[in-house]
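Not measured: the values here are computed from a predicted model.
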Amino acid sequence: MLENREQLIAFRKKEAEAYESQVEKIIICAGTGCVAGGSLDVYEKLRELMTAEGINVEVELKAEPHERAMGLKKSGCHGFCEMGPLLRIDPQGWLYTKVHVEDCEEIVEKTIKKGEYIDRLAYKKDEKLYRRQEDIPFYKQQTRLVLEHCGRIDAQSIREYIALGGYSAFEKALFDMTGDEVIDEITRSALRGRGGGGFPAGRKWAQVRKQTEKQKYVVCNGDEGDPGAFMDRSIMEGDPHRMLEGMMIAAVACGASEGYIYVRAEYPLAVARLKNAIAQAEELGLLGENILGSDFSFKLHINRGAGAFVCGEGSALTASIEGKRGFPRVKPPRTVEHGLFDKPTVLNNVETYANVVPIINNGADWYLGYGTEKSPGTKAFALTGNIQNTGLIEVPMGTTLRKIIFDIGGGMRGGEFKAVQIGGPSGACLTKEHLDLPLDFDTLKKVGAMIGSGGLVVMDSNTCMVEVARFFMHFTQNESCGKCVPCREGTKRMLEILERIVAGEGREGDIELLLELADTIRATALCGLGKSAPSPVISTIKNFREEYEAHIKDKTCPAGQCQKLKKISIDPELCKGCSKCARQCPVGAISGKIKEPFSIDLSKCIRCMSCISACAFHAIKEG
């Protein structure tokens, strides 16, 4: 138990020495993606083999005097998900990709015992082999401020976090700054909320601080519900103390005594590591009553969401914590005035709190050196879709799509670049003409898009944009809380129209009706999620109207993806009249006479494609 500031400083120095005593470190990715790929099995096998070889291996820091040792650590996400499971060797900075249990003996024999690199486990690009992680283009062109510890330290060790300077920003805020000075630093940094809206964090904190209520709360939104987004999850799994420290600084600044972390239940590993982090902080006396001998007390709780997308909206989230149904409410009053339990509340997302720590440590001027004037700092993105290098990245605000997709992401996996969905169901599709657009809050707003939480889903020329709009509208409609009519009924009508269009039953006027419904929903829905629900439809109509028209007028899908619009024909030159296709057809759409060419009635055909696989003469063709 640390009873004062001096003890924390001494503890940090002692743990730093212990950290340095680990002459080499084997860091295995234990983020959700690599765990699914078997990284924990790799960890256990390496531990077993190293112990059997008599190697002095440490799986956690030992602060007492001891011989120099090799650290074996389970980290959070390294980011390069496409190449997982990943293993890093320090101090060389080597990275092994796609590591499996079968590789462990060779790693111990060659790398750990002899210091040799195993080339077959290296990342290779264009016949070039990359040994060091920092040399790999995927990493080299990133700027990691928030994710600096993810994939580098033991994700479950508060001692290791403190050894690397952890909780020094909290210490500074608690003892060397007033609440107003903390808020002034955050305000000068121009930090904007990373949850999607981009609201200035300093302004929000200042509004809570000036409230006269004695009880105030700090809440973290970890309900990352966008399809394809996993930035917050990776921070909670890989560097949970960084987020806790940011929340504690917010509590010092605003005068809050309790905090809540709202995490979606689909993130069990994040929940487990947050629970562990809170327990460790309480054990050391960094959470609880009279922290470090001061008059500041702070407690943290975890609430698990039940998977409702709407609970990512602030007022719905606080209602859920209170045990009520997750409904948004009319504003004002705002959360800063009447939030959790009707008390003034600071509500930011995981990435926002993680940004607070380096700002307090290094100052607002340092932070303003990254990003753009009105959107400083960096942004973490989850890069997914039809792209070579999927994974978690962090780049300065204002970085272009071209750099992210083609330089960091390695370009398309197949086909030409067509569009990227940014901001999830609340966002929009950007196209080739937007490749050189700087990604920041204000620039994206001008083109009808938003950063959102940071999901980037890359699509190629084989993607049907009408189906993309239908997919996101289906998600939004299914997740609508149903409280307000525009969202509940409007999204349902839009989905019905989109489903008709992709089924080949589109009508003249459907495009205009979709846009009319979209305008009504945006103008009258209760909450931000409802207002932004039509965004993917609006952007796909704006950028790919010809695809909608082809579906409606020509009854064709230019991308060839809509099942019910696929054309199937029998080539009479190749058909032998064997009738096998007719016998396979479940709806009787194929008819003809034996030893004569058969034909397909497309009005009956359900496009199951069973006839194509049944034909031994390749007479049945699609397209």
Test your reading of the model: is there a side-chain donor-acceptor pair from R304 to the backbone of A265, 3.5 Å cut-off? no
Just by distance, no angles: are the side chains of S320 and Y262 close enough, under 3.5 Å, to form a donor-acceptor pair? yes
N-O pairing of E160 and R152 below 4.0 Å: no
Supply the atom-to-atom distance C481 SG to E313 CD, rounded to the nearest 0.5 angstrom. 8.5 Å
Using a 4.5 Å cut-off on heavy atoms from C-beta on, say whether the side chain of L347 contacts that of N221. yes
Would the Y267 and F230 ring centres measure less than 6.0 Å apart? no
Taking all non-hydrogen atoms of both residues, which atom of A173 and which atom of V182 are closest, and how far apart? CB-CG2, 3.9 Å
Quick test of your reading of the model: are K343 and E213 salt-bridged, counting only N-O distances below 4.0 Å? yes
Taking the side chain as every heavy atom from C-beta outward, state whether C150 and C77 have any pair of such atoms under 4.5 Å apart. no
Side-chain H-bond candidate by donor/acceptor type, N355 with Y367, under 3.5 Å: yes
Check whether the side chains of E245 and Y353 place a donor and an acceptor atom closer than 3.5 Å, and report yes or no. no
Strictly below 4.0 Å, N to O, side chains only: are K379 and E351 in salt-bridge contact? yes
Any luck finding a side-chain donor-acceptor pair between Q280 and H241 under 3.5 Å? yes
Please determine if E148 and R242 form a salt bridge, counting it only when a charged side-chain N lies under 4.0 Å from a carboxylate O. yes
Salt-bridge present (R194, E224; N to O < 4.0 Å): no
If the plane angle is over 60° it's perpendicular, under 30° parallel, otherwise tilted; pick one for W366 and Y370. perpendicular
Indicate yes or no: at least one non-hydrogen side-chain atom of V263 is less than 4.5 angstrom from one of D223. no
Applying side-chain contact (heavy atoms from CB on, under 4.5 Å), run through Y167 and I158 and close with a yes or a no. CA-CA 10 Å; Y167 290 105; I158 189 173; 4.0 Å; yes
Salt bridge E337-R334, side-chain N to carboxylate O under 4.0 Å: no
Go through the steps to decide whether R209 and D180 satisfy the test salt bridge (charged side-chain N to carboxylate O under 4.0 Å, His left out), and finish with yes or no. CA-CA 8 Å; R209 179 171 175 80; D180 286 329; 2.8 Å; yes
Closest non-hydrogen contact found for G79 with F138 is O-CZ, 3.6 Å
Minimum-distance pair of heavy atoms, taken over all atoms of L383 and N389: CD2-O, 3.7 Å
Relative to F199, does R203 satisfy both conditions: NZ or CZ under 6.0 angstrom from the six-membered ring centre, and within 45 degrees of the ring's axis? yes
Any ion pair linking D442 and R192 (charged N to carboxylate O, less than 4.0 Å)? yes
If you measure only the distance, is there a donor-acceptor pair under 3.5 Å linking the side chains of S168 and N361? yes
Criterion side-chain hydrogen bond (donor to acceptor under 3.5 Å, both in side chains) on T443 and D440, from CA distance to verdict: CA-CA 6 Å; T443 304; D440 62 68; 2.9 Å; yes
Regarding T352 and N349, is there a side-chain donor-to-acceptor distance under 3.5 Å anywhere? yes
Side chains of E237 and T32, donor plus acceptor under 3.5 Å: yes
Note: I393 and Q142 closest approach over all heavy atoms is CA-OE1, 3.2 Å
Check whether any side-chain heavy atom of V468 lies under 4.5 Å from a side-chain heavy atom of M459, and answer yes or no. yes
Distance-only side-chain donor-acceptor flag, S75 / H78, under 3.5 Å: yes
Sidechain N-carboxylate O distance under 4.0 Å for K492, E489: no
